[in-house]
Number of protein chains: 2
Amino acid sequence: MLTEVITVLTDRQLLIFQVIVDDFIQTAQPVGSRTLSKKEEISFSSATIRNEMADLEELGFIEKTHTSSGRIPSEKGYRYYVDHLLSPQKLNQHDIHKVQSIFAERIYELEKIVQKSAKILSELTNYTSIVLGPAVRDNKLKRIQIVPLNKETAIAIIITDTGHVENRMFHLPENIDAGDLEKVVNILNDRLAGAPLESLNNKLYKEVAVLLRHHISNYDLMLNSIADTIKIPAYDKLFFGGKTNMLSQPEFHDIEKVKNLMNMIEQEKGIYDLLSKNKSGINIKIGRENNNSAMENCSLITASYSIGTEQLGTIAILGPTRMEYSRVISLLNYISADLSSVLSKLYQNR
Amino acid sequence: MLTEVITVLTDRQLLIFQVIVDDFIQTAQPVGSRTLSKKEEISFSSATIRNEMADLEELGFIEKTHTSSGRIPSEKGYRYYVDHLLSPQKLNQHDIHKVQSIFAERIYELEKIVQKSAKILSELTNYTSIVLGPAVRDNKLKRIQIVPLNKETAIAIIITDTGHVENRMFHLPENIDAGDLEKVVNILNDRLAGAPLESLNNKLYKEVAVLLRHHISNYDLMLNSIADTIKIPAYDKLFFGGKTNMLSQPEFHDIEKVKNLMNMIEQEKGIYDLLSKNKSGINIKIGRENNNSAMENCSLITASYSIGTEQLGTIAILGPTRMEYSRVISLLNYISADLSSVLSKLYQNR
DNA sequence: GTTAGCACTCTTTACCCCCGAGTGCTAATT
DNA sequence: AATTAGCACTCGGGGGTAAAGAGTGCTAAC
């Protein structure tokens with residue numbers, strides 16, 4: 001187990017540190033002692049501040065960009081700021097109004113609500129928002145449907161209890177007729193309806209296979225196609241908002257950084273990894289804490305949304321390390337609570 | 001009707017112009033007379049070249065970036081190059097191999113094939129590829145299905161003859177039972193199956209409404225929900241490949257340009273407009289011909305793919321005006337032909 | 001008609017210098 | 001003992017100048 005050295009900062013150091021972070025978050029410019037001394041909340045001279053800053057730097061909370069520059073928060077500094085100095089921000093009327101517009105229209109599809117949340121969130125923050133869509137993994141099967149398109153192909157459709165629909169085309173075995181198909185579908189629904197999607201594959205081969213054998217000759221081909229359809233959602237869907245917002249951040253004037261980040265966003269796999277392994281509640285990962293070179297100058301704040309106690313998905317904001325943590329956290333909290341309550345009302349009694 | 005002034009260039013001017021364009025496409029650097037005079041295919045002095053270039057500039061085919069710079073092709077120049085000087089390029093073995101990998105796996109879904117095409121195309125060209133997915137507009141309805149999820153909500157699913165599936169949740173009228181629903185579904189399929197999606201809305205209100213009235217009390221609410229489901233695909237889907245490839249092009253070192261372009265790509269509406277109004281075959285739009293400020297330094301080459309004679313969708317490459325036109329055109333031709341033939345085999349007899 | 005030669009233009013790069021913002025340290029002040 | 005004024009020093013950025021390099025247009029010679 002790691003032992004954390006608890007650093008005790010004096011009140012004055014704390015004050016200076018906080019003002020440095022707040023100022024840097026706003027301006028993106030290194031903060032010097034003169035600038036600080038002019039702030040209302042600071043009543044001592046620049047020399048004093050310089051001394052304190054030297055100490056704060058020694059402790060690793062702030063750093064210089066070059067020998068005679070002002071200071072910027074280090075990653076450790078942001079971590080401390082986030083852990084100890086964050087005061088929850090009240091959302092203003094405009095924010096609240098916009099968030100509630102997500103649920104203004106009568107929308108029933110989970111996915112659409114989630115997508116709209118991503119959009120609104122990115123508009124409110126000017127950062128990039130990412131939403132990991134509702135996990136279908138633990139949905140339960142509502143119905144399987146097979147619709148033949150012509151003699152050779154048919155389309156298999158599965159519907160889950162949350163209204164999620166997956167479909168896939170497959171090749172029909174030769175010499176199968178409509179009656180056979182109907183029997184197959186009946187057996188499938190009989191045996192599998194109500195079962196969690198995760199368990200379907202297993203059940204399919206263990207319980208259904210035997211039954212199918214009695215009814216159609218070329219059953220194995222069909223079985224594989226159905227198994228294919230069932231296992232489609234390997235990853236849950238990702239929704240993005242404001243993918244290009246990062247381009248407006250001064251830290252991304254360097255095209256190379258942009259390219260790295262955008263590439264990761266496009267690939268989705270990396271993002272998926274970042275989002276999926278978070279616990280419930282608010283999670284904050286700062287810079288290299290994300291273990292991802294493209295995220296060097298970025299922070300990721302995630303929150304989960306749920307139906308009742310069942311965690312459904314994750315909603316996140318990706319921004320520069322110099323991010324408005326307080327505001328973003330408030331927003332995420334607010335949206336995820338709203339999302340959870342609306343979704344619960346809609347789907348609780350499924 | 002516009003009268004086009006036909007400009008006759010001497011063979012030598014043509015040669016010089018072609019070499020300028022080819023060189024600039026490769027290097028992205030303005031081409032000077034000295035550089036040209038060193039080329040194998042050019043056997044006259046730099047002074048002669050300078051004279052010819054002055055003429056070419058007067059005619060508007062090339063331009064200078066500043067008074068004493070080399071020349072770059074103008075938009076008019078690219079247009080001429082594309083219209084008169086393009087020699088079809090043979091694809092190499094590697095290209096052909098990669099293209100054919102699109103169809104290597106047995107995939108039946110139109111969308112997946114199309115998506116894979118976009119990916120491969122962007123990898124082969126290092127530009128951004130865009131595919132306008134199969135138009136569902138003129139698909140014909142295969143089947144409508146309604147699956148109740150609980151007492152209040154149900155999900156309506158429509159399946160088209162090409163295997164496209166759309167679904168939408170809706171609120172069930174109160175006091176409707178499973179038998180009623182089945183009747184509704186039967187009526188719908190009876191009346192609408194085989195009809196083009198476009199005509200469904202009309203038919204629904206004109207023919208089906210009367211029938212429904214006899215069977216369920218609250219039929220109008222239901223009717224509207226079904227109408228909603230049917231009209232979902234307002235725009236055909238867009239698929240992208242290599243969205244970030246543009247970032248590697250030297251003309252996009254300027255962050256502002258990148259932002260403009262990326263924003264347009266993200267919004268999709270603009271892209272949709274650019275793609276949807278093209279005729280069959282290869283279309284080339286250079287720079288401002290696209291009528292879109294974000295496309296100032298870009299060219300768009302589109303090709304259509306089809307089943308039989310029915311145009312299905314569009315496949316396109318978005319790159320800088322300094323684009324490898326010849327190669328891209330060959331690739332697009334090749335892929336669209338392959339796409340068309342494979343899709344025809346799969347769906348001809350639908 | 002072609003080309004060698006030349007003066008001229010413009011960009012790029014480097015270099016220098018100076019200014020401003022900031023620092024750390026020391027000595028004086030409270 | 002803590003705070004602050006003062007000062008020497010450092011570094012980045014902006015402006016200016018100079019030289020190099022690539023290119024042009026024009027003229028005169030071939």
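Lettering follows sequence order; numbering is per chain, from 1. None of the values given here were measured: they were computed from a predicted structure.
Every pair passing salt bridge (charged side-chain N to carboxylate O under 4.0 Å, His left out) that includes a residue from residues 10-34 of chain A is listed here, sequence neighbours excluded: Arg12(A)-Glu52(A), Asp23(A)-Lys39(A). Every pair passing salt bridge (charged side-chain N to carboxylate O under 4.0 Å, His left out) that includes a residue from residues 241-250 of chain A is listed here, sequence neighbours excluded: Lys243(A)-Glu266(A).
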Grab the N/O contacts between the protein and nucleotides 12-18 of chain C below 3.5 Å, and write none if there aren't any.
none

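In this structure Tyr127(A) satisfies the ring-ring contact (aromatic ring centres under 6.0 Å, His included) test with no other residue, sequence neighbours excluded. Remark: Glu289(B) engages Arg79(B) in a salt bridge (Lys or Arg N to Asp or Glu O under 4.0 Å) (not counting sequence neighbours). Under the salt bridge (Lys or Arg N to Asp or Glu O under 4.0 Å) criterion, Glu63(B) pairs with no residue at all, not counting sequence neighbours. Remark: Ser248(B) engages Lys259(A) in a side-chain contact (heavy atoms from CB on, under 4.5 Å) (not counting sequence neighbours). Every residue meeting the side-chain contact (heavy atoms from CB on, under 4.5 Å) condition with Asn278(B), not counting sequence neighbours, appears here in chain and number order: Asn283(B), Lys285(B), Thr302(B). For Glu75(B), the side-chain contact (heavy atoms from CB on, under 4.5 Å) test picks out Ile286(B), Arg288(B), with sequence neighbours left out. Annotation: side-chain contact (heavy atoms from CB on, under 4.5 Å) contacts of Leu85(A) (sequence neighbours excluded): Leu14(A), Phe17(A), Gln18(A), Tyr80(A), Tyr81(A).
For the pair Asp23(A) CG and dG22(C) P, the computed distance is 10 Å after rounding to whole Å. The separation between Asp55(A) atom CG and dG24(C) atom P is 10 Å, rounded to whole Å. Between the CD atom of Glu57(A) and the C1' atom of dG24(C) there is a distance of 11 Å, rounded to whole Å. Regarding Gln13(B), its CD atom lies at a distance of 13 Å from the P atom of dG1(C), rounded to whole Å. In this entry the distance linking CD of Glu52(B) with C1' of dG25(D) reads 15 Å, nearest Å. Going from atom CD1 of Ile62(A) over to atom C1' of dG22(C) covers 13 Å, rounded to whole Å. Protein atom CD1 of Ile20(A) is 13 Å distant from nucleotide atom C1' of dT23(C), rounded to whole Å. Nucleotide dG23(D) holds its P atom 17 Å from the CD atom of Glu63(B), rounded to whole Å.
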Next item on the list: List the protein contact pattern of nucleotides 8-18 of chain D with one symbol per nucleotide (5' to 3'): B for base contact, S for sugar-phosphate-only contact, - for none; contact means a heavy-atom distance under 4.0 Å.
Entry: --BBS------
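For the pair Lys64(A) and dA21(C), the criterion of a side-chain N or O lying under 4.0 Å from OP1 or OP2 is not met. OP1 or OP2 of dG24(C) lies within a sub-4.0 Å distance of a side-chain N or O belonging to Arg71(A). Regarding contacts with the backbone of dT2(C), a side-chain N or O of Arg12(B) is found under 4.0 angstrom from either OP1 or OP2.
Lys269(A) has a carboxylate O that lies under 4.0 Å from a charged side-chain N of Asp273(A), or vice versa, which qualifies the two as a salt bridge.
Within residues 27-51 of chain A, the residues approaching DNA chain D are Phe44(A), Ser45(A), Ala47(A), Thr48(A), Arg50(A), Asn51(A), by heavy-atom distance under 4.0 Å.
Atom CD of Glu41(A) has more than 12 heavy atoms from other residues, nucleotides or ligands within 6.0 Å.
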